[in-house]
Amino acid sequence: MAKAPVEAPAPLAGAFDVGGFRSELLRWFNENARDLPWRKTLEPYHVWLSEIMLQQTQMDRAVSYFERFLLRYPDIVSLAQAHEDEVLKLWEGLGYYTRAKNLLRAARVVLKEHGGTFPANFEAVRALPGVGPYTAGAVMSVAYGAHRPAVDANVERVFSRVLDIDRPVSAPEVKRRILAAAWELLPPGESRAFNQGLMELGALICAPRSAECQRCPVSRHCLARARGTVNLRPVPKPKPEVVRVDMACGILLTEGQVFIQKRRPNDVWPGLWEFPGGVLEPGESPEEAMVREFREETELSVRPEGKIAVVRTSYTRYRITLHGFFCRAEPGQDPKRDHRLHEAVEARLVSPTDLLTFAFPSGHARLTSRMLEDVRLQTLLSAVD
DNA sequence: TATCCGTGGCG
DNA sequence: TCGCCAAGGAT
């Protein structure tokens, strides 16, 4: 006997007022949509760029990057012709740099395979590097009005409350249920406003810590609101333990120039530039670690010439204290010719002011500005090795 | 499927 | 100072 087909659980209860939810959300969004730069047009390139920049990034931070980016690359063809270093420089400080690399790759795909016109069907958009299910749905619905849901963390939070889901939204089954609810609620012909409305609601009203239910246009549909569990939703996912790390790096000065190296493509901070350095070993001083790391990464022997600054930075679960030093090559070496790279794909000697044209991870960028302000810099630069 | 990728703001 | 993030995708 054949197995009985597994019935997909109806995401919404039978009594759920789908029509009311749709019209109340659409009305609210129509009256409360923020005036954002990427909402000025429905140009697919603008919508796509904004969605990539907004991945894991707060809206306020993305706005200035978006405007600068469009000034430099007004259309996809100009972006496709760009150099990766320049794209990364425009992305500097925004984080998740693979996004920028994939953006450039995708622009080149659009140029070669779609004649420079952004594709207008879901599968082609989804196939672009850096475009996942959320971004494909968002671009298709916002740029073209396609009947596709766009479920991001905002929408997951909204539904975790509307449906009063008592498990972390990271669970695949919960994600499936929320996606199904998003499909069921999606109003034919109005996906553009509806998807943006859900996200806007999550950003402005149904916020992570401070849900303002008294201002919420759909609170009468919200199960968590009825049960008094709003502040318990979404159920948080257990977080990995924070790891504290001390690092040290050396800014090597030679003949008025500074040594930098470019990080490998598949590592942390892919394609960004940095000063050689690394993690302190147990019992090691920052100076000792800097000298050791410099030798391991470049085969150059250096000696410290004074501390520049200590900057704090972090990524994912790491909290980093970065010690920055001036340093100088030991006699008998020419940094330009004698380096052998082990942790980088390229090295350069550049003048201190030219450092500002290279993209650095945040910690190294702040160290750079501290160095440029340092009164000892000119003396050290002009000194003979 | 769990983990990895950044960052600056906020209470 | 510190914990907790905030509009995902790739592997």
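None of these values were measured; they are calculated from a predicted model. First the proteins, then the strands, lettered A, B, ... as listed; each starts at 1.
Residue A/Y134 contributes atom OH, which lies 13 Å from atom C1' of C/dG9 at whole-angstrom precision. For the pair A/K101 NZ and B/dC4 P, the interatomic distance rounds to 20 Å; values are reported in whole Å. As rounded to whole Å, 13 Å separates atom C1' of C/dG3 from atom CD of A/E241. Rounded to an integer number of Å, the gap from CZ of A/R157 to C1' of C/dG8 is 15 Å. Between the P atom of C/dG8 and the CG atom of A/L94 lies a distance of 12 Å, rounded to the nearest Å. In this entry the distance linking CG of A/D267 with P of C/dT11 reads 15 Å, nearest Å.
Dashed line: the shortest gap from a side-chain N or O of A/Y318 to OP1 or OP2 of B/dG6 is not under 4.0 Å. The phosphate of B/dC4 has OP1 or OP2 within less than 4.0 Å of a side-chain N or O from A/R317. At the phosphate of C/dA6, neither OP1 nor OP2 sits under 4.0 Å from any side-chain N or O atom of A/Q56. Between A/W269 and B/dT7, a side-chain N or O to OP1/OP2 separation shorter than 4.0 Å is present.
Contact annotation for A/A62: no contact, since no heavy-atom pair falls under 4.0 Å across all strands. Looking at heavy-atom distances under 4.0 Å, A/L198 makes no contact with the nucleic acid at all. Across all strands shown, A/V242 has no heavy atoms under 4.0 Å from either base or sugar-phosphate atoms. At a threshold of 4.0 angstrom between heavy atoms, the contacts of A/P129 are confined to the sugar-phosphate backbone, with no base atom among them. A/R34 comes within contact range of at least one nucleobase, with a heavy-atom separation under 4.0 Å. Contacts of A/I52 with the nucleic acid, taken as non-hydrogen atoms under 4.0 Å apart, are absent.
Ring-plane geometry between A/Y45 and A/W48 is classed as tilted, the angle between the planes lying from 30 to 60 degrees on a 0 to 90 degree scale.
Between A/K262 and A/D85 the shortest side-chain heavy-atom distance falls below 4.5 Å. Two residues are said to be in side-chain contact when any heavy atoms from C-beta on lie closer than 4.5 Å; A/I52 and A/W91 meet this criterion.
The shortest heavy-atom contact between A/E156 and A/I178 is O-CD1, 3.9 Å. When all heavy atoms of A/G363 and A/V311 are compared, the pair lying nearest together is O-CG2, 3.7 Å. Nearest heavy atoms, A/I308 versus A/I251: CD1-CD1, 3.6 Å.
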Provide a list of protein-nucleic acid N or O atom pairs under 3.5 angstrom, restricted to nucleotides 8-11 of chain B.
| residue | atom | partner | partner atom | Å |
| --- | --- | --- | --- | --- |
| B/dG8 | OP1 | A/S362 | OG | 3.4 |
| B/dG8 | OP2 | A/S362 | OG | 2.8 |

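Where A/R244 and A/P133 each meet DNA chain C at their nearest nucleotide, the meeting point lying more 5' is that of A/R244. Along DNA chain C, the nucleotide closest to A/R312 and the one closest to A/L54 are compared, and the more 5′ of them pairs with A/R312. Judged by closest nucleotide on DNA chain B, A/S170 is the one of A/Y97 and A/S170 placed further toward the 5' end.
Following chains of ILVMFWY side-chain contacts shorter than 4.5 Å, one cannot reach A/L111 starting from A/F118, and the two form parts of different hydrophobic clusters.
Using a cut-off of 4.0 Å between Lys/Arg side-chain N and Asp/Glu carboxylate O, A/K336 and A/D334 are scored as not salt-bridged.
Nucleotides C/dT11 and B/dG6 place their P atoms 14 Å apart, quoted to the nearest Å.
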